[in-house]
Amino acid sequence: MPQPRVLYWFRTDLRLHDSPALKAALDLKPEVLYPIWCWDSHYVYRARVGNNRWQFQIDCMNDVSSTITKLNDKSKLFVLREPAVTLLPKLFKAWKITHLVFEKDTDAYAKERDEQVTASAEKAGVKVIVGPQSRTLWDSDEVLKAHGGKPTMSITQLQAAGAKVGAIARPIETPKGLPGPGDVSLDFDQERPDGKPDINEKYRESDEGTYSSGIAGPESNYSVPTLEELGMRPATTPHRGGESVILDKLEKILADEEYTGTFEKPKTSPAAFEPQSTFLTSPYLHFGALSARYFYHRVEDIVEKRRKEKKAVSVPPTSLTGQLLFRDMYFVAQAAMGYSFGQTYNNSHCRFIPWHLPSKVDLKTGLITGEYEVDDEAKEKEFQRWREGKTGFPWIDAIMRQLKHEGWIHHLARHAVACFLTRGGCYISWERGAEVFEEWLVDHEAACNIGNWQWLSCTAFYSQFYRCYSPVAFGKKWDDNGELIRKYVPELRDMPKKYIYEPHKAPLQDQKKAGVVIKGDGSEGEVDGVPVYPKPMFDFNTQREICIQGIKNAYRVGLHGNDPKVLDGSWKELFSDDAAGPTEGKVGGPGGMLGFEDAEGTDGHHEESATPKRSSRRNVPKVSPEASRKGHKREHSQGTLDGAFGKKAKS
DNA sequence: CTTACGTTGGACTT
DNA sequence: AAGTCCAACGTAAG
């Protein structure tokens, strides 16, 4: 019997340590092993991938490639510039492959791709071995099954379902050697995929870069691509990818047993930089440069040791391992819902809220198209100002600029800007924000990004919409002097501490002294050589009240993304004119113009305050009898829960 | 039915 | 630093 000729297909497992799929390949005792990475048309055309994340991935690929070469000097990571779906059937033949091995992936698009590839392999007589999913702690499909086929919507649900599945797998050994590849010449031409829809078109400088260098790259040696080759601008992120990078860093983290054992996420500062308050393991987890299970067990071993020594330890959900549990929770939810998890439309677990800038939907497929409806030009402008870090709220702008430039922001900083865009500020669809994060984050993980945006917008996972992040108070709590702002919004670098979070309140004299003018809407860079920083794009307290009333109303109406009324558009009938989407000037509820009048009233710079005074109309929806009854019932149980949402006592 | 709790709010008082 | 209130969500356990 001939020895196996194995194609090992690297995807989101760019590492050699703790890789059960790679072990499965090596267990075949192959005659040759081709470690490959190939283009993915979906990844290139239908997922937003900015230059920083590409660079991080390229780093990871280069690192894996050099590790492979260390284990076998004739081998490396062979990168082929054609999507797997068309490439692999031809490759099986050209390289006389007997086995295709890859790690399981539960991302919606990956499932689709892998089904196609598996079918074509079986047709070609190639045996497919799908290695255990190791991007997560448990196999997401198994947890889903243990949870009755329903998405895990809280961390306790995930823990309970995970416990039923069993213990989290211990890490396995790193291979000490690898078989070499055979002949790597090819006798077929490159096929370019149908590039539509290409939602990245506007982000690339040259559209041709992705495929123009031919199937084996510019030097015909299957090299790892460069950004230049991809037609992209150089990366600006200081964060560097690679398995060896993170394994070194991990040892430094773990060496501090007290830090590791007592880590509590809510106590880490979103404003810290150089160094950050957390260790940025997320991008390595995404690309598979770091195994989630390896990380988990290394941490858990330290926690166990400290327990035995009767030293303080932190526990989920705030501990380090708790952070990994949240990842699993989102993966299971995604595995349950597939594509619909990533959108409001047809999503059974996503509340329907009549956000501004809603996604356009392809009614044939039921999927969002990547485009959106501009229901209000003013809201589109707010969205663009949020995206570019020109909202006039320095805390928000600093975070958004850090995100754009470096591709990573602290988890709580993500909370701040996500709340601001959706339920606590602009009332713009969470799907718009998720797309920006998808493009810019180096650690973008579809399941986690989608889940967290739903969480922050109170459309799923979380519902306490009255707990709202202030763009001023929340930043001050962590960074009283505004160091993060001074770093990422340099035009405010010399603003006195007193005004750093609200520079529009600084008297002209102080602005002059600080070398900045506070005016306009962010369209001007400088005036007479003096940098300009914009005024706030709206009065936050007014806007906050509009959002809370709008969401309260939407909750009362009680639709989800898969409700027939959402699917056919008749949801509009359930929202009266002013409830359909609170626009500027409309304030619902008994609160009236809460907070509009500035209590301080001392600054003299309010003449252009974004929100004009208008008469407030009640935000009364047309409510179905059922929803009305439900709302009524709730009122009876009020008034007895003083302190119900006070902070949990911590030891 | 009631009560407790939920990854990480804000403003104010003591 | 800790406690209280604000206005009040869904879910699960009792």
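Lettering follows sequence order; numbering is per chain, from 1. Please read these numbers as outputs of a predicted model, since none were measured by experiment.
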**Study point:** CD (A/E257) with more than 12 external heavy atoms under 6.0 Å
**Key:** yes

Check your understanding: NA contact type, A/I155, heavy-atom cut-off 4.0 Å: base, sugar-phosphate, or nothing?
Key -> sugar-phosphate

Check your understanding: Given the rule in the ring pair (Phe, Tyr, Trp, His ring centres under 6.0 Å) test, do A/Y330 and A/F341 qualify, once you have shown the distances and angles that lead to the verdict?
Key -> CA-CA 10 Å; A/Y330 292 130; A/F341 180 54; 7.3 Å; no

Using a cutoff of under 3.5 Å, can you pull out all pairs of nitrogen or oxygen atoms linking the protein to nucleotides 10-13 of chain B, with atom names and distances?
{"from": "B/dG10", "atom 1": "OP1", "to": "A/S470", "atom 2": "N", "distance (Å)": "2.9"}
{"from": "B/dG10", "atom 1": "OP1", "to": "A/F474", "atom 2": "N", "distance (Å)": "3.4"}

**Study point:** Same-atom distance (P) from B/dG6 to C/dA8, integer angstrom
**Key:** 22 Å

Review point. Looking for any heavy atom pair under 4.0 Å, which part of the strands does A/Y462 touch: base, sugar-phosphate only, or nothing?
Key: sugar-phosphate

**Study point:** A/H415 side chain, from C-beta outward: closest of C/dA8, B/dT8, B/dT7
**Key:** B/dT8

**Study point:** Test item: A/D397 side-chain N/O and A/G392 main-chain N/O as donor-acceptor pair under 3.5 Å
**Key:** yes

Review point. Should the pair A/R385-A/E382 be classified as a salt bridge under the 4.0 Å nitrogen-to-oxygen rule?
Key: no

Check your understanding: Between A/D479 and A/R486, is there a side-chain N and carboxylate O pair less than 4.0 Å apart?
Key -> no

Check your understanding: Is it true that the side chains of A/N52 and A/E406 contain a donor and an acceptor less than 3.5 Å apart?
Key -> no

I'd like a table of atom pairs between the protein and nucleotides 12-14 of chain C - only N or O on both sides, under 3.5 Å - with the distance next to each one.
{"from": "C/dA12", "atom 1": "OP1", "to": "A/Q157", "atom 2": "NE2", "distance (Å)": "2.9"}

Point to revise | Between C/dA8 (C1') and A/R556 (CZ): distance, integer Å | key: 12 Å

Check your understanding: Looking at A/K552, does any N or O in its side chain come under 4.0 Å of the phosphate oxygens OP1/OP2 on C/dC9?
Key -> no

**Study point:** Rounded distance in Å between the P positions of B/dT7 and C/dC6
**Key:** 25 Å

Review point. Considering only the P atoms, how many Å lie between B/dC5 and C/dA7, rounded to the nearest integer?
Key: 24 Å

Study note, to complete from the structure: So side chain to side chain donor-acceptor pair (under 3.5 Å) across residues 557-567 of chain A, not counting sequence neighbours, yields none

Check your understanding: Among all residues two or more places apart in sequence or in another chain, which pass the ring pair (Phe, Tyr, Trp, His ring centres under 6.0 Å) test with A/F420?
Key -> A/F393, A/F538

Check your understanding: Between atom CG in A/N553 and atom P in C/dC9, what is the gap in whole Å?
Key -> 13 Å

Check your understanding: Picking from C/dC9, B/dT7, C/dA8, which would you name as closest to the side chain of A/Q464?
Key -> C/dC9

Practice item. Verify whether one side chain among A/T268 and A/H410 offers a donor that lies under 3.5 Å from an acceptor in the other. Key: yes

**Study point:** Spacing between A/F465 atom CZ and C/dC6 atom P, to the nearest angstrom
**Key:** 17 Å

Point to revise | Listed partners of A/K311 passing salt bridge (charged side-chain N to carboxylate O under 4.0 Å, His left out), at least two apart | key: A/E309

Point to revise | A/Y555-A/F465 aromatic ring centre distance below 6.0 Å | key: yes

Review point. What about A/Y488 and A/H405, are their ring centers closer than 6.0 Å?
Key: no

Check your understanding: In whole angstroms, how far is the C1' atom of C/dG10 from the CD1 atom of A/I551?
Key -> 15 Å

Point to revise | For DNA chain B, stems built from three or more consecutive Watson-Crick or G-U wobble pairs below 3.5 Å | key: B:1-6 with C:9-14, B:9-14 with C:1-6

Review point. In whole angstroms, how far is the C1' atom of B/dT8 from the CD atom of A/Q323?
Key: 10 Å

Check your understanding: A/Q159 has an atom CD; how far is it from atom P of B/dT7, in whole Å?
Key -> 9 Å

Exercise for review: Mark this stacking check for A/F326 against B/dT7 as yes or no, applying ring centres under 5.5 Å and ring planes under 30°.
Suggested key: yes

Check your understanding: Between A/E545 (CD) and C/dC6 (P), how many Å, whole number?
Key -> 15 Å

Exercise for review: Send over the distance from A/W395 CH2 to B/dG9 C1', rounded to a whole Å.
Suggested key: 13 Å

